[in-house]
K.L.:
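My structure is below; once you've seen it, I'll send some questions.
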Number of protein chains: 2
Amino acid sequence: MTTEEQILQTAEKLFLEKGFAMTSTTEIAKEVGCNQALVHYYYRTKENLFLQVFMQKVRLFITAFTEKSGANDDFFERLEKRICAHANMMEQNPNLPFLIMNELILNKKRRCMIRDYIVDNPMVRDIYYEFDKEIKDEIAKGVIKPIDTLDLLLNVLSLNVFIFVSAPIYTDILGRTDKEKQAYIAHRKKLVVQTILNSLKS
Amino acid sequence: MTTEEQILQTAEKLFLEKGFAMTSTTEIAKEVGCNQALVHYYYRTKENLFLQVFMQKVRLFITAFTEKSGANDDFFERLEKRICAHANMMEQNPNLPFLIMNELILNKKRRCMIRDYIVDNPMVRDIYYEFDKEIKDEIAKGVIKPIDTLDLLLNVLSLNVFIFVSAPIYTDILGRTDKEKQAYIAHRKKLVVQTILNSLKS
DNA sequence: GTCTATATAGTGATAGAC
DNA sequence: GTCTATCACTATATAGAC
């Protein structure tokens, strides 16, 4: 791996662990084993380096949520698969939801970047409209209780994100082992699906 | 108001807005209209000052959640009142859930402080056990579907906290006015209650 | 109690040697 | 491409004058 790639990879790790503000380019360089000037040689500014990591992660976050599932499943099976795909993506990147939330709340610039990325992205729009149509169909058929599509998405997002935000807190506060933490996550994943489906069934 | 109180109040405001790392004692002093040395004269360290704000807010956060309601309501009415009390507390302190989450995730020291506060606090324990008993009773009576008490609390917490974490993001990304933001919050509050109750009804 | 001044250390970023 | 050296800045915290 080139030094340039090592820097990006280490930056990703540290930004995910401690956020933008609390990670210094000096620290990144130290962990890579090179000089701090080299970080700026490749990426010029810390902000620049951060954005490369951040936007890639935002893309990952969104595409996982909009993942399509088998067409011959019924609605509840399809929804379950979508919820799980989203949770699995976060399980592989545990601090990702926190990083995104953190930066979006503390930094207006980031919110605007996301807006440009989401609202102007035809792919994202298409997937949303398709999902929206699907929901409206199922409501019309009387399969699920009436709900706004955005509300359903927000419910899933709330519950799923909170699994990974709460996991380290829960683990530390109750003095759990890493294995117990994994069990907590697995349990919560199942329960989120169950809660969402129960709230929809009519 | 004394200068000492002004400093504490300004610190509270800025810490809530921008978190610990991005708020400087210089900035606090400037906003109070005094010298930066004075902040340290009264509170010695920034960490100290932060903890005074933080722990007071954590107490507020927990006590709101454990608020008791009218005894002659049925279970669903009592639960609804509890969920609303918790949401209302956050509505009056919009950035509070974010601050708590943020500091707990980024800082292990803070997690340990909370542990000492929650786990060793008999009042908190009592309220939890009482709620737990109540849930188990209703399950036994067949009023609600079986669920672990901690899971129910986590579901409420997830959905409620996310209202206020998502509100500024939602508002900015979709270019909403402040009035529309209030409507979003009011709408989500209702929906959270509905989602939780629907998921419990058997 | 409030100020000025300052010690000390850390930051992001750049210039220039090799 | 990688380094050393350094600049300009900001931060927390303290010492000491008033």
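Worth knowing before you read on, the calculation uses all heavy atoms, side chains too, and leaves out hydrogens, waters and symmetry mates. As the structure is a computational prediction, the values presented were derived from the model and not from experiment.
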K.L.:
Reading DNA chain D 5' to 3', which nucleotide is the first, and which the last, to come under 4.0 Å of any heavy atom in chain A?
P.N.:
D/dG1 to D/dT4
K.L.:
For A/T26 and C/dT11, is the shortest distance between a side-chain N/O and OP1 or OP2 below 4.0 Å?
P.N.:
yes
K.L.:
Select from A/E27 and A/A37 the residue whose nearest nucleotide in DNA chain C is closer to the 5' end of that strand.
P.N.:
A/E27
K.L.:
For A/F131 and A/L152: C-alpha separation, side-chain torsions, deciding distance, then whether side-chain contact (heavy atoms from CB on, under 4.5 Å) applies.
P.N.:
CA-CA 11 Å; A/F131 188 57; A/L152 177 57; 4.1 Å; yes
K.L.:
Between C1' on C/dA13 and CZ on A/R44, what's the gap in Å once rounded to a whole number?
P.N.:
10 Å
K.L.:
Could you check how far CG of B/L38 sits from C1' of C/dT4, rounded to whole Å?
P.N.:
13 Å
K.L.:
Hey, mind stepping through B/Y184 and B/Y170 against ring-ring contact (aromatic ring centres under 6.0 Å, His included) and telling me if it holds?
P.N.:
CA-CA 9 Å; B/Y184 170 80; B/Y170 166 84; 4.0 Å; yes
K.L.:
With heavy atoms under 4.0 Å as the rule, sort A/T23 into base, sugar-phosphate or nothing.
P.N.:
sugar-phosphate
K.L.:
Tell me, please, whether B/F20 has B/R110 positioned over its six-membered ring: NZ or CZ under 6.0 Å from the ring centre and within 45 degrees of its axis?
P.N.:
yes
K.L.:
Is the Lys NZ or Arg CZ of A/K81 less than 6.0 Å from the centre of A/F76's six-membered ring, within 45° of the axis?
P.N.:
no
K.L.:
Among B/N102, B/I169, B/L99, whose side-chain contact (heavy atoms from CB on, under 4.5 Å) with A/I105 holds?
P.N.:
B/I169
K.L.:
Report the distance from atom CZ of A/F20 to atom C1' of C/dT11, rounded to the nearest whole Å.
P.N.:
11 Å
K.L.:
Quick check: on DNA chain D, is the nucleotide nearest A/Y42 upstream (toward 5') of the one nearest B/T45, or the reverse? Name the residue that is more 5'.
P.N.:
A/Y42
K.L.:
Base, sugar-phosphate alone, or nothing: which one does A/E4 contact when heavy atoms must sit under 4.0 Å apart?
P.N.:
nothing
K.L.:
Tell me every residue that passes ring-ring contact (aromatic ring centres under 6.0 Å, His included) with B/Y43, counting only those two or more places apart in sequence or in another chain.
P.N.:
none
K.L.:
Please give, in whole Å, the distance from C/dG12 P to B/M22 CE?
P.N.:
12 Å
K.L.:
Contact class for A/Y41 (heavy atom, under 4.0 Å): base, sugar-phosphate, or nothing?
P.N.:
base
